[in-house]
Amino acid sequence: MIGCGKMGGALLEYWKRGSESFTIVDPFLEKAPEGVTLVKERSELGDKRFDVIIVAIKPQMIDDILPDYAPVLSDNGYVISMAAGAGIARISKVMAKGEQPAPVIRIMPNLPAFVGKATNGLVAGPGVTDEQRKHAHAMMERTGTVVEVDDEDQLDRVTAVAGSGPGYVFELARAYVAAAEGIGFSHEQARALVLGTLEGTIAMAIDQDGQTLEELRNSVTSKGGTTAAGLDALNGDGAVSRKFEQTLEAAYNRAVELR
């Protein structure tokens with residue numbers, strides 16, 4: 001694993017629960033997670049070979065750092081990259097052995113990886129074997145759920161929906177809590193009411209996956225009741241629906257710009 005920032009460290013806590021052994025190369029990391037080897041420089045790896053190299057550095061560092069690691073990738077090995085904005089073709093070329101491009105799988109995790117509840121996007125590049133894809137999928141399943149997509153454009157769309165998604169949810173929760181405070185609750189009471197409601201509602205939606213979200217919404221909405229009044233104020237004119245469409249479109253467009 002090349003680099004181990006906050007997201008990389010969060011994923012690693014769950015990855016290392018499998019049968020693999022992990023080595024981190026990071027000059028700035030003071031202490032590795034329990035059971036993980038830490039070295040400061042590429043030279044400390046010597047002539048060791050690895051089945052998987054995980055790219056967890058910033059995209060602007062790739063061209064300078066990754067070429068030194070091509071020799072340590074085993075002949076049947078592959079690369080997992082979590083470097084947002086760095087395409088498969090670029091990483092595959094930089095990690096090539098001679099004329100042979102390296103097989104690369106890109107992942108897009110999100111912030112709930114810190115509590116083992118990530119929603120991960122995964123796309124396999126040219127030359128990736130079915131065994132390699134299944135291995136990467138299994139690793140990511142340790143951190144949460146996995147959605148495999150067909151190409152990198154779809155991964156950009158995953159970024160817009162799930163990669164950036166926790167930010168949207170936190171902002172919605174913040175506004176919800178502030179509104180609850182506005183009708184007379186303390187911050188602590190409002191936070192407990194809102195976060196408890198969100199947690200329970202999402203758990204119910206996951207448990208009742210045979211019902212559509214519209215059906216679940218309708219199940220709590222009586223004609224002329226309080227929920228109906230609230231829903232009409234929230235999205236009776238479709239403003240919230242349009243705002244979400246604009247949100248995802250803006251995030252996707254920015255992901256495309258960063259390719």
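Ion pairing of Glu257 with Arg254 is present here, as a side-chain N (NZ or NE/NH1/NH2) and a carboxylate O approach within less than 4.0 Å. Under a 4.0 Å N-O distance rule, the pair Glu34/Lys16 does not qualify as a salt bridge. We find that Arg142 and Glu20 are joined by a salt bridge, their nearest charged nitrogen and carboxylate oxygen being less than 4.0 Å apart.
Under the 4.5 Å side-chain criterion, counting only non-hydrogen atoms from C-beta, Met1 is not in contact with Val25. Using a 4.5 Å heavy-atom cutoff, the side chains of Met82 and Leu11 are in contact. Looking only at side-chain heavy atoms (C-beta outward), Trp15 and Met140 come within less than 4.5 Å of each other. Side-chain contact between Asp63 and Val94: present, with at least one pair of heavy atoms (C-beta onward) separated by less than 4.5 Å. Side-chain contact between Arg174 and Glu171 is present, with heavy atoms from C-beta onward closer than 4.5 Å. Looking only at side-chain heavy atoms (C-beta outward), Leu231 and Arg217 come within less than 4.5 Å of each other. No side-chain heavy atom of Met108 sits under 4.5 Å from any side-chain heavy atom of Leu122. Looking only at side-chain heavy atoms (C-beta outward), Leu258 and Pro59 stay at 4.5 Å or farther from each other.
A distance of 12.5 Å separates CG of Leu193 from CZ of Arg191, quoted to the nearest 0.5 Å. In this structure, CD on Glu199 lies 10.0 Å from OG1 on Thr201, to the nearest 0.5 angstrom.
Of the possible donor and acceptor atoms, none in the side chain of Gln208 sits under 3.5 Å from a partner among the backbone N and O of Ala205. Judged by distance alone, the side chain of Lys40 and the main-chain N or O of Leu29 form a donor-acceptor pair under 3.5 Å. Checked by atom type and distance alone, the side chain of Asp130 never pairs as donor or acceptor with a backbone atom of Lys134 at under 3.5 Å. The closest donor-acceptor contact from the side chain of Glu215 to the backbone of Thr212 lies under 3.5 Å. Distance alone, capped at 3.5 Å, places no donor-acceptor pair between the Thr221 side chain and the Ala228 backbone. A donor-acceptor pair is defined here as one N or O able to donate and one able to accept, closer than 3.5 Å; no such pair exists between the side chain of Asp207 and the backbone of Ala203. With hydrogens and angles disregarded, no donor-acceptor distance shorter than 3.5 Å links the side chain of Arg133 to the backbone of Ala124. Of the possible donor and acceptor atoms, one in the side chain of Arg49 sits under 3.5 Å from a partner among the backbone N and O of Leu73. Remark: the backbone N or O of Thr119 is paired with a side-chain donor or acceptor of Asn110 at under 3.5 angstrom. Looking only at distances, a side-chain donor or acceptor of Ser219 sits under 3.5 Å from a matching main-chain atom of Leu216.
One hydrophobic cluster holds both Met7 and Ile80 under the rule that ILVMFWY side chains link at heavy-atom gaps under 4.5 Å. When hydrophobic clusters are built by joining Ile, Leu, Val, Met, Phe, Trp and Tyr residues whose side-chain heavy atoms come closer than 4.5 Å, directly or via intermediates, Val149 is not grouped with Tyr252.
If you check the side chains of Asn120 and Thr145, you find no donor sitting under 3.5 Å from an acceptor.
Taking the six-membered ring where tryptophan is involved, the planes of His135 and Tyr78 are perpendicular, since the angle between them exceeds 60° and thus also 30°.
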Next on the checklist: side chain to side chain contact (heavy atoms under 4.5 Å, CB included), that's the test. Do Lys48 and Val72 meet it? Break it down for me.
Outcome noted: CA-CA 6 Å; Lys48 290 182 180 179; Val72 304; over 6 Å; no
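Applying the side-chain contact (heavy atoms from CB on, under 4.5 Å) test between Val79 and each of Ile91, Ile2, Ile88, Val128 identifies Ile91 as the sole match.
Around atom NZ of Lys117, no more than 12 heavy atoms belonging to other residues, nucleotides or ligands sit under 6.0 Å away. Atom CG of Asp151 has more than 12 neighbouring heavy atoms from other residues, nucleotides or ligands inside a 6.0 Å radius.
Of all non-hydrogen atoms in Ala83 and Ile62, the two that sit nearest each other are CB-CD1, 4.0 Å. Listed here is the closest heavy atom pair of Leu12 and Pro33: CD2-CG, 3.8 Å.
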